[in-house]
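Just the heavy atoms: all of them, side chains too, but no hydrogens, waters or symmetry mates, feed the values below.
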Amino acid sequence: MKEKYVITIGRQFGSGGREIGRIVANKLGIKYYDKELLAEAAKESGVNTDFFEASDEKSPNIFTHSNLWAFNIGYSIGNFFSADISFSDDKLYQAQSEVIKKFAELSPCVIVGRSADYVLREHPCLISIFISASEEACIKRVIERCDCNNKEEALILIEKKNKLRSNYYNFYCDKEWGNATSYDLCIDSSKITSEQAADIIVEYVKKRIS
């Protein structure tokens, strides 16, 4: 069995990709990274974690000017930065990419989102997954986890989040977010349980690394 492999999981908002990724990591006994990437990248780059979280998976064209963006959401630049006030979106992406590469080198792991499949495209044993779900299933999940109160609000949030993720991925990568040809394995989580989806991924991974 190959000692170092990495599983990346792209996902539609509300598809359960994060939960499935966590289950996969538990079943394989390997590390799981999601928001942890932001904290690590912020620590290494000297930028406040709040800034990483606010700009997480959002393409640079959304933040055409850092000062204007910070002013519009009610923050001063000083609240975001602990070092370099000219820290650009590309530098944020680069810092996060370096953290992704570092984690992938340390040990087998699952990394959710943040175009990790593209960042690690030269990794010798990369297994890229994409999780999608029906609109109805995504709405149900979003409401159940209290992100929204009703179907209308949930649909608006889902469309917004998916657009942000798509723009982010398509800006930095030469592949298309959510397109089956961009990934090794695509799963519709609305057809099966998260546990079953994780089992499929684990079985696929075992065949790939055996």
Side-chain angles (χ1 to χ4, degrees), residues 1-41 52-53 56-57 96-147 158 161-162 165-166 168-169 173 175 177-210:
M1 180 180 290
K2 297 176 182 177
E3 292 184 1
K4 288 187 178 179
Y5 62 93
V6 58
I7 304 164
T8 60
I9 297 184
R11 74 283 185 229
Q12 290 181 330
F13 187 75
S15 66
R18 183 180 299 171
E19 177 187 2
I20 292 169
R22 192 174 286 112
I23 296 172
V24 168
N26 288 337
K27 286 178 177 289
L28 291 170
I30 61 178
K31 296 285 188 179
Y32 169 85
Y33 299 111
D34 185 8
K35 290 292 185 181
E36 296 90 340
L37 288 171
L38 297 178
E40 184 69 16
F52 269 90
E53 292 183 351
D56 187 26
E57 293 188 296
Q96 189 167 264
S97 296
E98 291 303 315
V99 172
I100 289 172
K101 291 175 182 177
K102 185 186 77 171
F103 286 156
E105 281 298 313
L106 289 175
S107 63
C109 60
V110 173
I111 301 177
V112 175
R114 293 152 194 94
S115 69
D117 60 306
Y118 186 75
V119 173
L120 299 174
R121 60 192 179 278
E122 296 181 0
H123 192 282
C125 193
L126 169 67
I127 301 168
S128 59
I129 313 292
F130 191 84
I131 307 295
S132 64
S134 66
E135 182 178 284
E136 181 181 355
C138 289
I139 289 173
K140 182 174 183 292
R141 185 184 295 272
V142 167
I143 292 176
E144 285 179 347
R145 67 190 188 193
C146 301
D147 287 344
I158 289 167
K161 290 289 190 178
N162 283 338
R165 289 177 180 178
S166 175
Y168 176 86
Y169 188 92
C173 310
K175 303 187 295 180
W177 184 82
N179 189 315
T181 61
S182 298
Y183 309 91
D184 296 322
L185 178 66
C186 297
I187 296 177
D188 183 345
S189 64
S190 59
K191 306 294 185 182
I192 52 180
T193 67
S194 294
E195 190 79 20
Q196 290 170 333
D199 286 338
I200 291 172
I201 295 172
V202 168
E203 186 62 27
Y204 179 79
V205 169
K206 287 180 177 179
K207 290 184 181 299
R208 283 282 303 272
I209 65 177
S210 60

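- By the 4.5 Å heavy-atom criterion applied to side chains, Glu195 and Lys27 are counted as neighbours.
- Asp117 and Tyr169 are linked by a side-chain donor-acceptor pair at a separation below 3.5 angstrom, with hydrogens and angles left out of the test.
- The shortest distance between side-chain heavy atoms of Ile201 and Ile127 does not fall below 4.5 Å.
- Taking 4.5 Å as the limit, some side-chain heavy atom of Ser194 sits within range of a side-chain heavy atom of Ile23.
- A donor-acceptor pair under 3.5 Å is formed between the side chain of Lys4 and the backbone N or O of Glu105.
- Here the SG atom belonging to Cys109 is positioned 11.5 Å from the CG atom belonging to Leu28, to the nearest 0.5 angstrom.
- Arg141 has its side chain within reach of Glu19: a pair of non-hydrogen atoms, C-beta onward, lies under 4.5 Å apart.
- Judged purely by atom type and a 3.5 angstrom limit, Arg121 uses its side chain to pair as donor or acceptor with the backbone of Tyr118.
- Using a 4.5 Å heavy-atom cutoff, the side chains of Phe103 and Glu40 are in contact.
- Side-chain atoms of Glu135 and Ile139, non-hydrogen and from C-beta on, do get closer than 4.5 Å to each other.
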task: Quick one: do Ile200 and Ile192 satisfy side chain to side chain contact (heavy atoms under 4.5 Å, CB included)? Show the steps, please.
output: CA-CA 10 Å; Ile200 291 172; Ile192 52 180; 3.6 Å; yes

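- Distance check, rounded to the nearest 0.5 Å: CH2 of Trp177 to OG of Ser182 gives 11.0 Å.
- Looking only at side-chain heavy atoms (C-beta outward), Tyr5 and Ile30 come within less than 4.5 Å of each other.
- The backbone N or O of Asn162 lies less than 3.5 Å from no partner atom in the side chain of Gln12, so there is not a single donor-acceptor pair.
- Taking 4.5 Å as the limit, some side-chain heavy atom of Asp184 sits within range of a side-chain heavy atom of Tyr204.
- The structure places CD1 of Ile20 at 7.0 Å from CD1 of Ile9, a figure rounded to the nearest 0.5 Å.
- Scanning both residues, Cys138 and Phe13, for their nearest heavy atoms gives SG-O, 3.6 Å.
- In this structure, Arg165 fails the cation-pi test against Phe130, since its NZ or CZ atom is not both closer than 6.0 Å to the six-membered ring centre and inside 45 degrees of the ring normal.
- In this structure, OG in Ser128 is found 12.5 Å from CD1 in Ile111, a value given to the nearest 0.5 Å.
- Of all the heavy atoms in Arg11 and Ser15, the pair that sits closest is CB-OG, 3.6 Å.
- Once rounded to the nearest 0.5 Å, the distance linking NE2 of His123 with CD1 of Ile100 reads 12.0 Å.
- Shown here is Lys140, whose NZ atom has no more than 12 heavy atoms of other residues, nucleotides or ligands within 6.0 Å.
- Here the rule is side-chain contact (heavy atoms from CB on, under 4.5 Å) with Val119, and of Glu98, Arg114, Gln96, Lys101 only Lys101 fits it.
- Separation of atoms CG (Leu185) and CD1 (Ile187) is listed at 4.5 Å; rounding is to 0.5 Å.
- When all heavy atoms are compared, the tightest approach of Ser134 to Ser190 is N-OG, 3.3 Å.
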- request: Start with the C-alpha gap between Val112 and Tyr32, add the side-chain angles, then the distance that decides, and say whether side chain to side chain contact (heavy atoms under 4.5 Å, CB included) holds.
  value: CA-CA 8 Å; Val112 175; Tyr32 169 85; 3.6 Å; yes

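- Of the possible donor and acceptor atoms, none in the side chain of Arg18 sits under 3.5 Å from a partner among the backbone N and O of Gly113.
- More than 12 heavy atoms of other residues, nucleotides or ligands shown are found within 6.0 angstrom of NZ on Lys102.
- Salt bridge status for Lys31 with Glu36: absent, with no side-chain N to carboxylate O gap under 4.0 Å.
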